[in-house]
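Notes follow the structure.
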Amino acid sequence: MLQQTPVVRVLPVWNEWLKRWPTPADLAAEPAGEAVRAWGRLGYPRRVLRLHAAAAAIVADHGGKVPDTYPELLGLPGVGSYTAAAVAAFAYGRRETVVDTNIRRVHARLLSGQALPAPALTAAEMRLAAEILPSDQAESVRWNAAVMELGAMVCTARAPKCGLCPVRDSCAWLAAGEPPPSYVPKGQAWHGTDRQVRGAVLAVLRLAEIPVPPDHFRTAPADLGFAAEGVGVPLTALHRLNSAPEQLDRALAGLLADGLAELTDNGYRLPA
DNA sequence: GACGCGTGGAC
DNA sequence: TGTCCAAGCGT
């Protein structure tokens with residue numbers, strides 16, 4: 001849930017989630033569509049399919065217990081290098097090189113003197129993080145949490161609170177006079193994109209109690225708007241379903257390909 | 001290595 | 001208001 005999603009938005013969903021499915025086996029016993037519904041508007045819904053698949057794999061291959069080693073965790077769906085390291089370190093107390101976006105930014109500034117880390121994680125960054133990780137196991141766990149928290153709370157992407165920073169005297173970026181980023185991060189477009197349409201379609205499918213006929217998306221945007229009222233589905237996107245049929249086709253095909261939707265005789269629905 | 005993938009709070 | 005960006009991953 002925390003992959004690319006702020007903690008404050010995850011917390012309420014996470015609480016309800018663990019109340020409903022306390023163990024991997026509980027989640028694995030549910031249809032994937034139920035997990036997609038419970039995911040709500042956290043975003044990146046492919047993550048929830050992978051989480052569901054990971055629960056199944058944990059039951060099938062690990063006796064229902066979340067594995068406690070990096071390579072085993074890495075083998076689970078949706079678990080990459082960051083998540084495997086984070087779970088091994090923070091859940092099981094192991095010494096792992098944890099590198100998330102916060103830690104990358106702290107390292108870029110404090111050690112490399114750059115305003116922002118490279119667009120993508122590099123091997124050099126991983127080497128550097130591994131080199132400076134404390135050798136003591138317990139200390140390494142606290143180190144990872146501390147650097148991550150420093151990045152999240154003080155050494156933020158925009159308007160870092162350098163006046164509050166406990167290590168500002170040893171910051172290479174401050175010493176260099178706060179040079180600007182060497183590149184301009186390009187934000188993700190949203191309005192009018194396939195992605196927006198895809199999100200709107202899935203929002204409708206989450207709401208729907210019965211399969212949604214394909215024509216319903218094209219011919220009844222007002223009905224979709226009515227159905228979507230009060231749950232934050234952007235009506236502009238729903239209208240766009242009617243005006244950009246090729247976008248709708250791509251969104252539906254993509255959702256089917258990803259396993260986020262199924263097409264039955266009666267229409268589209270979340271996976272059973 | 002580049003790309004596609006959601007959503008909403010902050011400024 | 002529009003832009004930025006958040007505990008990444010898989011292809």
Side-chain angles (χ1 to χ4, degrees), chain A residues 1-14 36 39-54 73-91 96-108 115-126 129 141 144-153 155-161 180-181 183-206 228 231-234 236-237 247 250-261:
Chain A
M1 289 177 181
L2 288 166
Q3 291 166 358
Q4 296 281 277
T5 304
V7 176
V8 289
R9 198 182 315 158
V10 164
L11 271 178
V13 178
W14 178 79
V36 174
W39 193 256
R41 301 184 67 80
L42 274 185
Y44 287 141
R46 290 191 293 203
R47 292 180 297 169
V48 68
L49 293 184
R50 293 175 184 146
L51 180 58
H52 184 261
L73 287 161
L74 194 58
L76 296 173
V79 176
S81 59
Y82 160 72
T83 303
V87 172
F90 300 135
E96 303 285 349
T97 304
V98 179
V99 179
D100 78 324
T101 188
N102 293 300
I103 292 177
R104 293 188 63 213
R105 189 173 53 249
V106 171
H107 289 173
L116 294 174
L121 178 62
T122 66
E125 284 181 79
M126 284 302 297
V141 173
N144 283 322
V147 178
M148 191 178 302
E149 199 69 2
L150 182 68
M153 305 304 293
C155 196
T156 51
R158 283 186 300 183
K161 304 169 180 62
Y183 66 97
V184 180
K186 61 171 184 179
Q188 299 168 340
W190 174 247
H191 293 286
T193 62
D194 286 4
R195 206 180 204 176
Q196 185 184 30
V197 175
R198 178 179 157 115
V201 169
L202 191 58
V204 171
L205 294 183
R206 272 198 307 266
V231 297
V233 177
T236 53
Q247 280 194 314
R250 285 197 294 270
L252 288 169
L255 290 172
L256 288 178
D258 286 345
L260 280 164

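Throughout, a chain's letter reflects where its sequence line sits, starting with A, and its residues are numbered from 1.
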Intermediate values then yes/no, side chain to side chain contact (heavy atoms under 4.5 Å, CB included), A:Thr101 and A:Tyr82: CA-CA 10 Å; A:Thr101 188; A:Tyr82 160 72; over 6 Å; no

message: Distance check, P atoms only: B:dG8 and C:dC9, in whole angstrom units.
response: 23 Å

task: Tell me, with the steps shown, if A:Val36 and A:His52 meet side chain to side chain contact (heavy atoms under 4.5 Å, CB included).
output: CA-CA 9 Å; A:Val36 174; A:His52 184 261; over 6 Å; no

message: Does A:Ile103 reach a base, just sugar-phosphate, or nothing at all? Heavy atoms under 4.0 Å.
response: nothing

Can you check nucleotides 6-9 of chain C for protein contacts, nitrogen or oxygen pairs under 3.5 Å, and list what you find?
| from | atom 1 | to | atom 2 | distance (Å) |
| --- | --- | --- | --- | --- |
| C:dA6 | OP1 | A:Arg105 | NH1 | 3.1 |
| C:dA7 | OP2 | A:Asn102 | OD1 | 2.8 |
| C:dA7 | OP2 | A:Asn102 | ND2 | 3.2 |
| C:dA7 | O5' | A:Asn102 | ND2 | 2.9 |
| C:dA7 | O4' | A:Asp100 | OD2 | 3.1 |
| C:dA7 | N9 | A:Tyr82 | OH | 3.4 |
| C:dG8 | OP1 | A:Thr101 | N | 3.3 |
| C:dG8 | OP2 | A:Gln4 | N | 3.0 |
| C:dG8 | OP2 | A:Gln4 | NE2 | 3.2 |
| C:dG8 | O5' | A:Gln4 | N | 3.4 |
| C:dC9 | OP1 | A:Gly80 | N | 2.8 |
| C:dC9 | OP1 | A:Gly80 | O | 3.4 |
| C:dC9 | OP1 | A:Thr83 | N | 3.0 |
| C:dC9 | OP1 | A:Thr83 | OG1 | 2.7 |
| C:dC9 | OP2 | A:Tyr82 | N | 3.3 |

Using atom types as modelled, flag every donor-acceptor pair under 3.5 Å from a side chain in residues 1-9 of chain A to any protein atom, sequence neighbours excluded.
| from | atom 1 | to | atom 2 | distance (Å) |
| --- | --- | --- | --- | --- |
| A:Gln3 | NE2 | A:Gly78 | O | 3.0 |
| A:Gln3 | NE2 | A:Thr83 | OG1 | 2.9 |
| A:Thr5 | OG1 | A:Gln3 | O | 3.3 |
| A:Thr5 | OG1 | A:Arg47 | NH1 | 3.0 |
| A:Thr5 | OG1 | A:Arg47 | NH2 | 3.1 |

query: Within this structure, what is the CG-to-C1' distance between A:Leu255 and B:dG4, rounded to whole angstrom?
result: 13 Å

- prompt: A:Asp194 CG to B:dG6 P: how many Å, rounded?
  reply: 11 Å

message: Apply side chain to side chain contact (heavy atoms under 4.5 Å, CB included) to residues A:Val141 and A:Phe90 and explain how you reach the verdict.
response: CA-CA 7 Å; A:Val141 173; A:Phe90 300 135; 4.3 Å; yes

field: Contacts of type side chain to side chain donor-acceptor pair (under 3.5 Å), residue A:Arg104, not counting sequence neighbours
entry: A:Glu125

task: Mind calculating the distance between CE (A:Met1) and P (B:dT7) to the nearest angstrom?
output: 15 Å

- request: In whole angstrom, give the distance that lies between atom CZ of A:Arg41 and atom C1' of B:dG9.
  value: 14 Å

message: Run the side chain to side chain contact (heavy atoms under 4.5 Å, CB included) test on A:Asp258 and A:Arg198 for me, step by step, so that the C-alpha distance in whole Å, both residues' side-chain angles and the decisive distance to 0.1 Å come before the verdict.
response: CA-CA 12 Å; A:Asp258 286 345; A:Arg198 178 179 157 115; 2.7 Å; yes

- prompt: Within this structure, what is the CZ-to-P distance between A:Arg206 and B:dG6, rounded to whole angstrom?
  reply: 10 Å

P atoms of B:dG4 and C:dA7, separation to the nearest Å: 23 Å

